[in-house]
Amino acid sequence: MKFPIIDSHCHIYPDKIAERAVEGIGKFYDLPMCYDGRYSTLIKEGTKNGVKHFVVFSVATTPHQVHSINTFIADTVSSSGGLLTGLGALHPDSEAIEEDIREIVSLGLKGVKMHPDFQKFHIDDEKCYKIYEMCQSEGLPVLLHTGDSRYDYSNPHRMKKVLEDFPELTVIGAHFGGWSCWKEAAETLSPYKNFFVDCSSSFDWLTPEESRDIVRMYGADRVLFATDFPMWSYEKESERFSLMNLSDNEEELILYKNALRLFGIDESKIL
C-alpha cells in the first residue's frame, strides 16, 4: 500500500475466551475464521501487513456483559502504546443505557458498536432511540452491522428511517452498508451524508468492479478500510482492496484519512 492503514473494524476478546468466541462466530456465519481473536494476534498480523492503527471492540450479547467488555477494551487501548482506538459495547435491552453511555465516555472510548443479528433487535426499534439520541448528543459515532438477506434487523429500509430521524448522528454501516444487499443499500442510503460505510466482509462476494462502483456511489470520503478481524486474512483483504484500482486520493481517504476524522485519531500516531 502507498499509504498508512487504519483497520476500522476489529473484534478482540480476552485470551481466556477468544477461542470459544471466534468458534461461535464461525458457526453463526458458517465460515472458517482466519485468526484467533486475540489482541496479540491482531497486532502481529496487522502490523506486518502495513496497518498502523486499529479500531477495536467487542459485542455484548447480553446486557450484563456491557461493563466488562467496555473495561476490557479500555484497558487494552490504554496498554497498547497508541496502537488502538476503542469503541464501546451497548445492548438495547439494558436497563441502564444512560449509565452505560456515560461510562463509555468516561473510559475514553470513541464510539459505539452494536450487532443487530447477534443482539436480535431491529435498528429502527423505538428502544434504540434513546441510544441514538445520547450518542448524537455526545458526538459518538455508532458502528452497526448492517444487512443480511437471512434477517431483517438492519436492512436498508430500516437504516433509512434511522438516518432520517437522527440527521446529526454519525452512523457507520459495516459491510458496505448492507451485507448481501450491497447495491440496494448504496442506492437507498448513499444520499444521507451522515452515513458512512466500511468495506469489511464484502470483497469475497463482490467483483473488484462492483466494489469500486459501491465506493463511488457513497464517495471515497465516506468509506473506511476494515477487515472484520478475526475473519479474513490481511494479505487477501489488502490484495482485494488493491484490485479496485482506485485513485491515490480515494485510497488515501479510505485507508486512513476518513478514520482519523471520524474517530479523532492523532495523525502523528500513524505517520
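The first residue in the sequence is number 1, and the count goes up from there.
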Residue pair Leu255 / Ile6, side-chain heavy-atom distance below 4.5 Å | no
Fill in: Val171 vs Tyr132 side-chain heavy atoms within contact, under 4.5 Å
no
For this session: Could you tell me how the ring of Phe195 sits relative to the ring of Tyr218: parallel (under 30°), tilted (30 to 60°) or perpendicular (over 60°)?
Result: tilted
Verdict with supporting geometry, Asn258 and Arg261, side-chain hydrogen bond (donor to acceptor under 3.5 Å, both in side chains):
CA-CA 5 Å; Asn258 294 335; Arg261 174 166 49 96; 3.1 Å; yes
What about Leu253 and Phe241, same hydrophobic cluster or not, with Ile/Leu/Val/Met/Phe/Trp/Tyr joined at side-chain heavy-atom distances under 4.5 Å? no
Stepwise side-chain hydrogen bond (donor to acceptor under 3.5 Å, both in side chains) test for Glu133 and Ser137: CA-CA 6 Å; Glu133 287 170 2; Ser137 176; over 6 Å; no
- Under 3.5 Å, side chain of Asn70 to main-chain N/O of Ala89, donor-acceptor pair present? yes
Quick check against the 3.5 Å criterion: does Arg216 have a side-chain atom that pairs as donor or acceptor with the backbone of Ser211? no
Checking Phe121 against Tyr153 for the ring-ring contact (aromatic ring centres under 6.0 Å, His included) test, could you report, in this order, the C-alpha distance in whole Å, the side-chain angles of both residues, the deciding distance, and whether it holds? CA-CA 6 Å; Phe121 70 92; Tyr153 291 119; 7.5 Å; no
Open item on the list: For residues Ile101 and Val66: do they belong to one hydrophobic cluster (side chain heavy atoms under 4.5 Å, members Ile, Leu, Val, Met, Phe, Trp, Tyr)?
Closed with: no
Tyr234 vs Asp7, side-chain hydrogen bond (donor to acceptor under 3.5 Å, both in side chains): CA-CA, chis, key distance, verdict: CA-CA 10 Å; Tyr234 270 107; Asp7 186 347; 2.6 Å; yes
Those residues at least two apart in sequence (or on a different chain) that pass side chain to side chain contact (heavy atoms under 4.5 Å, CB included) with Ser106 are Glu103
Residues at least two apart in sequence or cross-chain that pass salt bridge (Lys or Arg N to Asp or Glu O under 4.0 Å) with Lys160, listed by chain then number, are Glu164
* Asked: Where do Phe225 and His9 land on the ring-ring contact (aromatic ring centres under 6.0 Å, His included) test, with the steps shown first?
  -> CA-CA 8 Å; Phe225 179 80; His9 192 130; over 10 Å; no
Worksheet item: Just wondering, do Tyr13 and Ile25 contact through their side chains at under 4.5 Å, heavy atoms?
Response: yes
CG of Asn245 to CD of Glu250, rounded to nearest 0.5 Å, is 10.5 Å
_Worked verdict on Ile214 versus Val223 for side-chain contact (heavy atoms from CB on, under 4.5 Å)_ = CA-CA 10 Å; Ile214 291 169; Val223 181; over 6 Å; no
Quiz item: When you check the gap from the basic side-chain N to the acidic O, do Asp124 and Arg158 get nearer than 4.0 Å?
Solution: yes
(message) Side chains of Ile131 and Met114, heavy atoms from C-beta outward: is any pair under 4.5 Å?
(response) yes
Thr61 and Gln65 have their tightest heavy-atom pair at N-OE1, 2.7 Å
Side chain of Arg240, backbone of Phe203: donor and acceptor closer than 3.5 Å? no
| query | Do Asp148 and His175 come within less than 4.5 Å of each other through their side chains, counting heavy atoms only? | reply | no
Residue set satisfying salt bridge (Lys or Arg N to Asp or Glu O under 4.0 Å) with Asp248, at least two apart, ordered chain then number -> Lys2
So the ring pair (Phe, Tyr, Trp, His ring centres under 6.0 Å) pairs with at least one residue in residues 37-56 (sequence neighbours excluded) are none
- Message: Between Gln136 (side chain only) and Glu168 (backbone N and O only), is there a donor and an acceptor less than 3.5 Å apart?
- Response: yes
Next on the checklist: Surrounding NZ of Lys236 (heavy atoms of other residues, nucleotides or ligands, distance under 6.0 Å), is the total greater than 12?
Outcome noted: no
task: State, yes or no, whether a side-chain contact exists between Cys135 and Leu169 at a heavy-atom distance under 4.5 Å.
output: yes
For a side-chain contact (heavy atoms from CB on, under 4.5 Å) check, start with the C-alpha distance between Val55 and Cys10, then their side-chain angles and the critical distance, and finish with the verdict.
CA-CA 6 Å; Val55 179; Cys10 308; 5.9 Å; no
Nearest heavy-atom contact between Ile123 and Cys128 is O-CB, 4.0 Å
Lys/Arg cation over aromatic Phe28: Arg150, 6.0 Å, 45° cone: yes
OG of Ser247 to CD of Glu252, rounded to nearest 0.5 Å, is 9.5 Å
| task | Indicate yes or no for a side-chain donor-acceptor contact from Ser200 to the backbone of Asp228 under 3.5 Å, with no hydrogens or angles considered. | result | no
Linking I/L/V/M/F/W/Y whenever any side-chain heavy atoms sit under 4.5 Å apart, do Leu144 and Tyr29 land together? yes
field: Residue Glu187 excluded, over 12 heavy atoms near CD under 6.0 Å
entry: yes
- Task: Decide yes or no on ring-ring contact (aromatic ring centres under 6.0 Å, His included) for Phe57 and His11, but give the supporting numbers first.
- Result: CA-CA 5 Å; Phe57 44 79; His11 301 259; 4.9 Å; yes
Contacts satisfying ring pair (Phe, Tyr, Trp, His ring centres under 6.0 Å) that involve residues 71-115 (not counting sequence neighbours) are His115-Phe118, His115-His145
Derivation of the side-chain contact (heavy atoms from CB on, under 4.5 Å) call for Val56 and Phe229
CA-CA 9 Å; Val56 299; Phe229 177 90; over 6 Å; no
Handout entry: N/O donor-acceptor pair under 3.5 Å between Asp30 side chain and Gly26 backbone
Key = no
When you look at Trp232 and Ser201, which way does the side-chain hydrogen bond (donor to acceptor under 3.5 Å, both in side chains) test go after all the steps? CA-CA 8 Å; Trp232 307 100; Ser201 289; 2.7 Å; yes
### Task
Inspect the surroundings of NE2 in His122 and state if more than 12 heavy atoms from other residues, nucleotides or ligands are less than 6.0 Å away.
yes
Sorted by chain and residue number, the side chain to side chain contact (heavy atoms under 4.5 Å, CB included) partners of Asp15 (sequence neighbours excluded) come out as Arg38
| request: Indicate, with yes or no, if Leu262 and Tyr256 share a hydrophobic cluster defined by side-chain heavy-atom contacts under 4.5 Å among Ile, Leu, Val, Met, Phe, Trp and Tyr. | output: yes
Original post:
Under 3.5 Å, is there a donor-acceptor pair between the side chain of Thr47 and the main chain of Ile43?
Top reply: yes
**Asked** If only atom types and distance count, is the side chain of Glu45 paired as donor or acceptor with the main-chain N or O of Thr41 below 3.5 Å?
**Response** no
Do Leu243 and Leu206 belong to the same hydrophobic cluster, where Ile, Leu, Val, Met, Phe, Trp and Tyr are linked whenever their side-chain heavy atoms lie under 4.5 Å apart, directly or via other members? no
- Query: If only atom types and distance count, is the side chain of Ser238 paired as donor or acceptor with the main-chain N or O of Glu235 below 3.5 Å?
  - Reply: no
Close side-chain approach of Leu163 to Met159, heavy-atom, < 4.5 Å: yes
With side chains defined as the heavy atoms from C-beta onward, is the minimum distance between Lys183 and Glu210 less than 4.5 Å? no
Checklist line | Verdict with supporting geometry, Cys199 and Phe176, side-chain contact (heavy atoms from CB on, under 4.5 Å) | finding: CA-CA 5 Å; Cys199 64; Phe176 276 142; 3.5 Å; yes
Worksheet entry | Donor-acceptor contact present, side-chain Gln119 to main-chain Ala60, <3.5 Å | yes
